[in-house]
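To keep things clear, I will list the structure first and then write my remarks on it.
Chain letters run A, B, ... following the sequence lines, proteins first and then strands; every chain starts at 1. Note that the structure is predicted; figures quoted are calculated from it, not measured.
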Protein chains: 2
Amino acid sequence: MARSKGITIRDVAKRAGVSVAAVSMALNGTGTLSAATRLRVRAVAEEMDYQADALARGLRRSSVGAIGLVMRSLDSLGEYAPRGVDVFTRYIGAISAQAMDRGLSVMLVPDPTKRPTPPLALSLDGYIVMMPHLDDPVVALLERRGIPYATLARDPGRPDFTDWATEDEATYFGRVYEHFIANGARSIVLLRGTDPNAWNIDSEATYRAWCESTGMTPRVYKSAERAGESGGETVAHTIVDDGIPDAILCHTGRQAAGVLVGLTARGVAVPDRTMLAAASDSEHTRHSRPAISAVELHAAETTLALLDLLQARIAGEPSAGPVLTTARFRVRASSRRTH
Amino acid sequence: MARSKGITIRDVAKRAGVSVAAVSMALNGTGTLSAATRLRVRAVAEEMDYQADALARGLRRSSVGAIGLVMRSLDSLGEYAPRGVDVFTRYIGAISAQAMDRGLSVMLVPDPTKRPTPPLALSLDGYIVMMPHLDDPVVALLERRGIPYATLARDPGRPDFTDWATEDEATYFGRVYEHFIANGARSIVLLRGTDPNAWNIDSEATYRAWCESTGMTPRVYKSAERAGESGGETVAHTIVDDGIPDAILCHTGRQAAGVLVGLTARGVAVPDRTMLAAASDSEHTRHSRPAISAVELHAAETTLALLDLLQARIAGEPSAGPVLTTARFRVRASSRRTH
DNA sequence: ATGAAAGCGCTAACAC
DNA sequence: GTGTTAGCGCTTTCAT
């Protein structure tokens, strides 16, 4: 339970022969201290291996130097073994590494709305919410409590909110369609997920707009994110029954891998009869046979922007968002045709 | 910066017409309050949506309700995009989910020894350290500060330390060897990693002891964890040059996948000429052609034990460790021979 | 059974 | 330039 505390600011003050205020000022670079005292105090503190208690400091400053990370879409996977969804684990890694570089700690908060509220949840300096859902309760909570936050991808329910960053989906989706067309596709199917997040909503809108402008008849299928590969496989059969298209674009690598299995089972050759691509890369796209063309998301670039946005919000600066980062479409065998 | 705080215990006290002490007692179930007051205060607190400030509470109790998670071997990968090392990401997920169930938050702490020390690092209630290295500086820091911790796998430098849990490596390694033998293997090679952790040290010892008892000549190869697939591929060539064995057991799925590539390049058929298996499962083992036999680690079971051990340590109870959990060897095409 | 008050370790006014 | 002191919000004796 209660652990014995270590060295306090008083110990350092006593040893350095100054007041606690002097120590505080010396270590924080605040106030008006003589350079000599400042240096001496710092030396003593260093020597004693003194570390200011984060709780006491946080209580005074109302700022703990830690942010929360809510893995929205990870929760929705139901289980915590997100096989193949390495997109999100890469975001976790990128964010924690970058946050540490800035002297921020990262706290994993699966769901701060769940009672009882996790202890530190409401004391964190800010939050990064991954892929907020429509009417996301976490966002509502943060908003209600006045806690700063930034989101990965826009909040579909709040068009005015600008503290978000994401890969420029409209651009790279367009690139995929053009790639399909350039390889002779006349009909393209979109397979999206069911979570009510920007990713699903916006890409369908992009697709429909694109169909509109090219005169193509839109065909949109849905499969729940958590259904993973088997969901994709099931949909593949439906797609074949409805009429084999020239190309299929799936949201996740898992779905694409499942679709590939389904198509193959029905004797539909990929890429010869139908081309296939995924809008997010994963082990599945890389290791399928044939390997599946996919959009490579650059997590590090996006999370860097998210941290910038969040820190600006915490500092009370005006929003510089939204930020759109670039992603690269990597063509693999599943959509490579040799005319 | 400093965020305006929410409702405090004083607000609740005022509204309920009692003292702050009464509120504290009512909400914590401590002291000697009349049932009536207790209930009334709780109702008021509930109604006001009051949440005790974790920082102030932590300052008094010297306990914040949060634990740290140090991904030792993940750091050693150098970059934070652990492709194929889904073992660790699964541990992250399992631990954070289980910790939340117990009302604990999980803080990701890449390296608490790195200066400047991350703010809350020294204020956390305890730590779970994944795969500590020999003379691990993180363990040394925790030890020095008197912070409770439990480790995934034993600390190779501290035989007396018992607060650890791991999959029962000796048992399942034996099972793999027996499987190889049963399928006609006369010579078996072990490919391990280079990190000085229990995983590498103990499995080599198990292997050598097993060779000793069966009269087989031990052949141990090493490849740095961070070298991943290409490391395995390189080693495969060396192994072939040294003489093709009947079976190869690799530590990681990435290494095994690389070895498979290397063997195939040299015309060594798997599993016909040489069988292959990995001691930890990953996307690589599942998606390679042929799929690679692998030991499936049950992260959830092990992390549950780790949390129990840690909480016992935090509560000052005697250690109930070490805990050995079971793992299952899943035979796939890479070691399945049809006689 | 309840309230008043003393701190937990720190920062920031405010004196000197 | 430096020290004294009043809290941050909470828990916990100790009176009453």
Does a side-chain heavy-atom distance below 4.5 Å link [X] with [Y]?
{"X": "A:Tyr127", "Y": "A:Val138", "result": "no"}
{"X": "A:Ile9", "Y": "A:Ser24", "result": "yes"}
{"X": "B:Asp155", "Y": "B:Val129", "result": "no"}
{"X": "A:Asp53", "Y": "A:Thr8", "result": "no"}
{"X": "A:Leu310", "Y": "A:Asp163", "result": "no"}

Next on the checklist: Could you check whether B:Gln98 and B:Thr303, counting side-chain N and O atoms only, form a donor-acceptor pair closer than 3.5 Å?
Outcome noted: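 Yes - a donor-acceptor pair under 3.5 Å links their side chains.
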
Checklist entry - If we ignore angles and hydrogens, is there a donor and acceptor under 3.5 Å between the side chains of A:Gln51 and B:Thr117? => result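 A donor-acceptor contact under 3.5 Å links the two side chains.
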
Checklist entry - Of the residues in residues 33-47 of chain A, which ones touch DNA chain D at a heavy-atom distance under 4.0 Å? => result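 Close to the strand are A:Leu33, A:Ser34, A:Thr37.
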
Checklist entry - Which parts of nucleotides 10-16 of chain C does protein reach within less than 4.0 Å, heavy atoms only, written one letter per nucleotide 5' to 3' as B for base, S for sugar-phosphate only and - for none? => result BBB----

Checklist entry - If we fit an axis to the first five pairs and another to the last five of the helix from C:dA1-D:dT16 to C:dC16-D:dG1, what angle do they make, to the nearest 10°? => result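 The angle, to the nearest 10 degrees, is 50°.
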
Item to check | Closest approach of A:Ala66 to B:Leu120 (non-hydrogen atoms, all atoms of both residues) | outcome: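 Smallest heavy-atom distance, with atoms named: CB-CD1, 3.9 Å.
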
Checklist entry - B:Arg42 and B:Leu27: which non-hydrogen atoms are nearest, and at how many Å? => result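 B:Arg42 and B:Leu27 have their closest heavy atoms at CG-CD1, 3.9 Å.
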
Checklist entry - Rounded to whole angstrom units, what separation is found between the NZ atom of B:Lys14 and the P atom of D:dC10? => result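 Taking NZ of B:Lys14 and P of D:dC10, I get 13 Å after rounding.
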
Next on the checklist: I'd like to know if B:Arg102 pairs up with B:Asp308 as an ion pair, taking the criterion as any Lys NZ or Arg NE/NH1/NH2 lying under 4.0 Å from an Asp or Glu carboxylate oxygen.
Outcome noted: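 Yes, B:Arg102 and B:Asp308 are salt-bridged.
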
